[in-house]
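First the proteins, then the strands, lettered A, B, ... as listed; each starts at 1.
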Amino acid sequence: MEDLRAQRRKKIEELTALGLNPFGGRFRRSAEAAACHSDYEEGKEVSVAGRLTALRGHGKTAFADLRDSSGKIQLYLRRDNLEGAELEILDRLDLGDIVGARGELFTTRKGEISIMVRGLTLLSKALRPLPEKWHGLKDRETRYRSRHLDLIANREVADLFRLRSRIVREIRDFLDRRGFLEVETPMMQPIPGGAAARPFETFYGALNAPMFLRIAPELYLKRLLVGGVEKVYELNRNFRNEGLSRSHNPEFTMLEIYEAYGDCRTMMELVENLIVKVAGTVRGTLSLTAGETAIDLTPPWRRIRYRELVADFLGIGDWFSRPREEMAAEASGRGLEIDAGMSGIEITHEIYEKCVEPTLIQPTFVLDFPAHLVPLARLKEDDPAAVDVFELVVNGTELAPGYSELNDPLEQRRRFEQQAGSRPPDAAAGKEKIDEDFLEAMETGMPPAGGTGIGIDRLVMLLTGAASIRDVILFPQLRPKENK
RNA sequence: GGGGGCGUAGCUCAGUUGGCAGAGCAACGGCCUUUUAAGCCGUCGGUCGAAGGUUCGAAUCCUUCCGCCCUCACCA
């Protein structure tokens, strides 16, 4: 490795000694690689720039593959077409170097569109070698830690992140067209709220105050509802101080949407329309695959109440009126661990999460959750034991929850107090505090509203078929390495 | 944090029962004026993740540690 770098450093010194700059500046391109193919004209003069990814020498000539963001174009380098400085460069070219080339288009004997190079500039000399050209870069750790190499070596990675960008753009377009306002609210919060996750803690020196990276933008967005911003969304990062997994990264991208005078059902329609629109636009189809599984996003999606879903799954019609002991026995029989302190509802929910949810492959809205499970949502008027929320499940995992938001400040305060009382003792200062600023805003009057949140990384996984969240995040979190 | 798997050259990978660390690509030198993973001849390149132990002898067996992957737990 050090030898390879030393060799290339020597080439840099030699070029510099010849008065050539191995790290060139601005280069005027007249065409991208893809256009050389699509707008081919025999003899047309073009200038291209990009990275050398292959070099095939043939004595006094050489073929090189030059890659830019649009694709690949072959260069044909003949010594008798070049002179002086260019020959010095040619003699010291390495794979991975970034060069500019000028010449005319032609087609080789074997039928490949190429550039007969008459001008060659070195734009950036690579000191380190590229991953192997045929097998590419497979080692997952290197791919995640050195994403630049992954992007160079594995074409489909660049394609996936382009697709991610399009998905995000289509989401914004969809919401903007419907009159939603995109906003940015604090990432650094004195009291982390809006979710029940462990936050990252930090400290703001100038204010001499502890701060937290946000776990959700929810409370700030609701303050905007109070302020008269009736249709609002934020599409940005959340941070949660939790474990890593195939579907969890500590910083992840969340879309939260609120619509005044709407409710849970308004949001359900919005989410369905949004995902259908985005999938149709960026994938051109509503038929997706996740591994071996086929997923059909054609609307309308199934809607089923939580109680029905669980009872049907278990084949026990009056499940919810069975005694706790019987529920516990059923759960144990399914291999679940049941604590003595768990209520019937909690036991049921364990069954729901572990046994029922994984079977929901096609998009399904689960409605009317038991009130105990979702303390911050609004109760159903006709059924105070249930709460007016939905959860969208696709491919066995939660993709988006939705709520009829609570807008009663007194009830909100009671629930905060209840929640604060149940916090574990290790909660840092600030975490257990009640967000008085938020309550004050609510007391000014918050319109009834529907709210929803979509995990963008998981949506991208769904739409791209990626198996791990690390494959849809450019720089996923890994344990820092001591030295390299 | 628990369980399982993996870690060998810059990259992709072999390595038998514990017996001289290998191949292809990349790199370096040579030949070659239309190649396509160009070809041919030659050369260089290793803390076998780290440390310790067993052994005449360890990439290989044992222990501990580090990193990654899978999985469970945690997780609005």
Nearest to side-chain heavy atoms of A/E141, which nucleotide of B/rG67, B/rA38, B/rU35:
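Nucleotide nearest to A/E141's side chain: B/rG67.
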Residue A/Y76, side-chain atoms from C-beta onward, closest of B/rA76, B/rU33, B/rU35
B/rU33
Are A/H37 and A/Y40 close enough that their ring centers fall under 6.0 Å?
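They do not qualify: ring centres at least 6.0 Å apart.
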Could you check whether [X] gets within reach of a base, just the sugar-phosphate, or nothing at all, counting any heavy atom under 4.0 Å?
X	value
A/E398	nothing
A/Y403	base
A/R143	nothing

Using the salt bridge (Lys or Arg N to Asp or Glu O under 4.0 Å) definition, which of the options A/K125, A/R128, A/R51 pairs with A/D97?
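Among the candidates, only A/K125 passes.
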Confirm from the modelled atom types if A/Q74 and B/rU35 form a donor-acceptor pair under 3.5 Å, side chain to base only.
yes
Which residue, A/G59 or A/D139, contacts RNA chain B at a nucleotide closer to its 5' end, judged by nearest heavy atom?
A/D139
Taking for each residue the nucleotide of RNA chain B bearing the nearest heavy atom, is the 5' side occupied by A/H248 or by A/R8?
A/R8
Does A/E42, at its CD atom, have more than 12 non-hydrogen atoms belonging to other residues, nucleotides or ligands within less than 6.0 Å?
yes
So which nucleotide does B/rG18 pair with, by the Watson-Crick or G-U wobble rule with both distances under 3.5 Å?
none
